[in-house]
Amino acid sequence: MRGDRMSKAPRTAISPTREENYPEWYQQVIRAADLAENSPVRGCMVIKPWGYQLWENVQRALDDMFKATGHQNAYFPLFIPMSYLEKEAEHVDGFAKECAVVTHHRLEPDPDGGLRPAGKLEEPLIVRPTSETIIGATYAKWVQSYRDLPILINQWANVVRWEMRTRMFLRTAEFLWQEGHTVHATSEEAVEETEKMVEVYRDFAENWMAMPVIVGSKTPLERFPGAVETLSIEAMMQDRKALQAGTSHFLGQNFSKAQEIKFQSESGDIEFAWTTSWGVSTRLIGALIMTHSDDDGLVLPPRLAPTHVVIQPIYKDDSRAEVMEYVQSLRDELAAQTYANAPVRVTIDDRDIRGGEKKWYHVKRGVPIRLEVGPKDMAAGTVFCGIRNQPKSVGIDRAELVATIGEKLATLQQELFDAALKMREDNTVELKSEAEFRDFFADKGDTAITGGFAWCHYSDEDSLQPLLKELKVTIRCVPRTDNATEGTCFLTGKPAAQRAIFAKAY
RNA sequence: CGGGAUGUGGCUCAGCCUGGUUAGAGCGCUGCACUGGGGGUGCAGAGGUCGCAAGUUCGAAUCUUGUCAUCCCGACCA
């Protein structure tokens with residue numbers, strides 16, 4: 001539209017656009033939507049109310065699902081004795097480099113008028129990067145008999161991983177998550193638990209976040225340190241990179257042997273138990289942003305949106321009272337409706353700021369439905385309705401709106417999922433040769449969005465490493481479904497029994 | 001830890017190369033007015049001593065040295 005150049009306002013609310021500079025767009029969406037900001041501590045972020053409400057909705061939904069699958073919540077310490085980490089060799093290798101270490105327990109004045117650490121600890125404590133070890137040590141005391149099993153516990157907590165490079169929500173030094181830790185009498189039961197929980201994650205990602213995911217197994221090199229098998233859900237972001245959104249680990253007897261989680265079986269033998277762990281983090285918020293948001297800001301799936309509907313009264317001084325009254329009754333009627341078995345969440349924004357500014361405020365924050373109601377609408381019995389994934393607002397009969405509000409939210413939820421799925425399918429290919437592989441993942445410019453998901457047969461993970469490293473591609477997972485075909489390795493030509501998804505990843 | 005860059009009002013930055021009166025802009029913020037289905041217009045304001053330290057100089061945001069911090073690119077990662 002040429003006319004737009006006349007006005008000062010940018011054509012999109014977020015600048016740059018996804019096409020122009022995706023990483024910067026991501027940062028700007030977070031800022032514009034008021035989700036979070038950087039803190040004085042490097043790599044740590046302040047999650048602001050709008051962002052935290054999103055996380056609370058994530059927590060609530062998942063927590064219900066955990067409870068429904070028989071789990072209970074508990075809480076374990078933030079600090080872990082360093083010796084605990086040393087017990088599981090692979091685990092140490094995986095996390096040692098990124099641990100924050102507490103070595104002192106007191107501060108005292110130093111000669112320069114500042115403070116310095118004093119009271120050196122006998123044994124350093126690490127700030128948990130994950131809690132397998134300390135929970136395992138605790139479980140070892142709880143488990144004596146097969147009658148004590150299974151143990152099905154989850155904790156909601158913060159963890160710290162001292163990363164070199166951080167990005168808001170996707171990788172921060174401190175992040176919020178949940179970690180489930182279970183103990184079972186048999187391998188089969190633990191495997192079943194691992195699979196059950198990755199399925200919970202898939203269900204949540206697809207039905208709450210409207211984010212299609214691929215469920216698969218990690219290859220040995222990509223596995224969680226110390227795990228026998230790692231299952232994950234992988235999603236494609238709008239820049240076609242993959243994001244691991246949740247993991248569920250079958251830990252075999254590795255941790256129970258290291259932590260001595262033993263029990264006496266029905267037959268009287270002493271056996272090591274079988275454990276699992278599974279988690280998702282605030283990274284899901286990053287996934288949500290990168291799956292649905294557009295160049296006007298955040299787009300929220302209704303099931304997780306803190307507010308479903310915001311009503312914006314339009315009035316001049318002389319019509320204020322009647323418009324407000326009308327709008328309040330509309331709010332009450334809408335709030336009496338239900339969506340996804342819960343009341344519709346409606347708010348009125350009657351702040352004394354200009355209408356346009358107010359409109360964009362809510363667009364950028366991703367509110368699913370905006371309603372504008374002024375004297376003209378009152379006279380006509382209509383409301384002006386803008387749905388976040390639709391470019392234009394439309395007038396709609398008031399009674400009809402109230403009657404169909406739940407339906408509209410459900411439609412939006414579905415459309416967001418469908419669009420994300422289409423995005424993934426349009427950018428998923430099958431590659432059969434190194435030339436195809438190189439071409440698909442080649443860098444085509446600084447900000448150009450390229451690549452996607454590639455299905456490839458492969459025979460041996462190690463032999464692929466030089467190529468993968470060169471192109472910055474990783475094996476995301478060996479998908480659980482659509483994977484039965486036999487073929488030949490795209491690189492070596494050797495026979496290959498399985499295919500994996502290859503992609504650049506966060 | 002290697003390579004590159006930057007530190008000036010709340011935010012984004014200009015000024016620095018070619019040192020010189022009260023350090024600028026846009027956005028944001030405060031107030032008033034006009035507006036009022038659209039992130040508008042006008043007027044009036046608040047707010048910085050230029051990361052820190054030392055040095056050169058009659059004089060430094062501008063030059064020198066040191067230092068701290070941050071950011072980007074690599075090796076590592078939910």
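Lettering of chains follows the sequences in order, A, B, ..., and the numbering in each one begins at 1. Note that these values count all heavy atoms, side chains included, but never hydrogens, waters or copies made by symmetry.
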Which pairs of donor and acceptor atoms, one on a side chain in residues 218-236 of chain A, lie under 3.5 Å apart (sequence neighbours left out)?
residue	atom	partner	partner atom	Å
A:Lys218	NZ	A:Glu234	OE2	2.7
A:Lys218	NZ	A:Gln244	OE1	2.9
A:Lys218	NZ	A:Arg476	O	2.9
A:Thr219	OG1	A:Glu461	OE2	2.5
A:Arg223	NE	A:Val228	O	3.1
A:Arg223	NH1	A:Val228	O	3.4
A:Thr230	OG1	A:Phe224	N	3.1
A:Thr230	OG1	A:His249	ND1	2.9
A:Ser232	OG	A:Glu234	OE2	2.9
A:Glu234	OE1	A:Arg476	NE	3.0
A:Glu234	OE1	A:Arg476	NH2	3.2

C1' atom, B:rA46 versus B:rC52: distance in rounded Å? 28 Å

Roughly how far apart, to the nearest Å, are B:rC11 and B:rC29 at atom C1'? 11 Å

C1'-based separation of B:rU12 from B:rU70 [nearest Å]: 16 Å

Measuring only the C1' atom in each nucleotide, how far is B:rA78 from B:rG4? A whole number of Å is fine. 29 Å

Whole angstroms only, please: what is the CE-P distance between A:Met197 and B:rA78? 20 Å

Side chain of A:Trp360 - closest among B:rC76, B:rG37, B:rG39: B:rG39

In terms of side-chain heavy atoms of A:Pro375, which of B:rA78, B:rG37, B:rG39 is nearest? B:rG37

Determine whether a donor-acceptor pair (one donor, one acceptor, N or O, separation below 3.5 Å) exists between the side chain of A:Gln312 and the base of B:rG37. no

Under-4.0 Å salt bridge between A:Glu199 and A:Arg202: yes

For the side chain of A:Lys97, starting at C-beta, report the closest nucleotide among B:rA78, B:rG38, B:rC76. B:rC76

Could you state the atom-to-atom distance from CG of A:Asp349 to C1' of B:rG39 in whole Å? 13 Å

Are A:Phe441 and A:Phe437 near enough that their ring centres are under 6.0 Å apart? yes

Donor-acceptor list for residues 371-378 of chain A side chains, cut-off 3.5 Å, not counting sequence neighbours:
residue	atom	partner	partner atom	Å
A:Glu372	OE2	A:Arg370	NH1	3.0
A:Asp377	OD1	A:Thr382	OG1	3.4
A:Asp377	OD2	A:Gly374	N	3.0

Between A:Phe440 and A:Phe502, is the ring centre distance below 6.0 Å? no

Nearest-angstrom distance, C1' atom, B:rG26 to B:rG48: 16 Å

Kindly say whether, by distance alone, the side chain of A:Arg354 makes a donor-acceptor pair under 3.5 Å with the base of B:rG38? no

When all nucleic acid strands are considered with a 4.0 Å heavy-atom cut-off, which category describes A:Lys358: base, sugar-phosphate, or nothing? nothing

For A:Arg31 and for A:Val373, find the nucleotide of RNA chain B with the closest heavy atom, then tell me which residue's nucleotide is more 5'. A:Arg31

A:Phe175 aromatic ring stacked with six-membered ring of B:rA78, 5.5 Å and 30°: yes

How are the rings of A:Trp177 and A:Phe175 set to each other: parallel, tilted or perpendicular (split at 30° and 60°)? perpendicular

Rounded to whole Å, the CZ-P distance (A:Arg223 to B:rC76) equals 19 Å

Base, sugar-phosphate or nothing for A:Ser281? Non-hydrogen atoms, less than 4.0 Å. base

Going through the checks in order, is the ring pair (Phe, Tyr, Trp, His ring centres under 6.0 Å) test met by A:Trp278 and A:Phe250? CA-CA 9 Å; A:Trp278 28 273; A:Phe250 169 55; over 10 Å; no

Whole angstroms only, please: what is the CD-C1' distance between A:Glu357 and B:rC29? 12 Å

So, A:Trp274 versus A:Phe255, ring centres under 6.0 angstrom or not? no

Which nucleotide sits closest to the side chain of A:Gln244: B:rG38, B:rG39, B:rA78? B:rA78

Pick base, sugar-phosphate or nothing for A:Leu170, based on heavy-atom distances below 4.0 Å to the nucleic acid. base

NZ of A:Lys392 versus P of B:rG37: gap in Å, rounded? 17 Å

Answer yes or no on whether A:Arg351 is positioned over the face of A:Tyr361, meaning its NZ or CZ is under 6.0 Å from the six-membered ring centre and within 45° of the axis. yes

Residues from residues 460-475 of chain A sitting under 4.0 Å of RNA chain B, heavy atoms only? A:Lys469, A:Lys472

When the C1' atoms of B:rU6 and B:rC16 are compared, how many Å lie between them, rounded to an integer? 14 Å

With heavy atoms under 4.0 Å as the rule, sort A:Tyr315 into base, sugar-phosphate or nothing. nothing

If the C1' atom of B:rC13 is compared with that of B:rU22, how far apart are they to the nearest Å? 22 Å

d(CD, A:Glu98; P, B:rA75) in whole Å: 16 Å

Which whole number of Å gives the distance between the P atom of B:rA23 and that of B:rC34? 37 Å

Of the candidate nucleotides B:rG37, B:rC76, B:rG39, which contains the atom at the shortest distance from the side chain of A:Ile314? B:rG37

Would you mind telling me which of B:rG39, B:rA78, B:rG37 lies closest to the side-chain atoms of A:Thr172? B:rA78

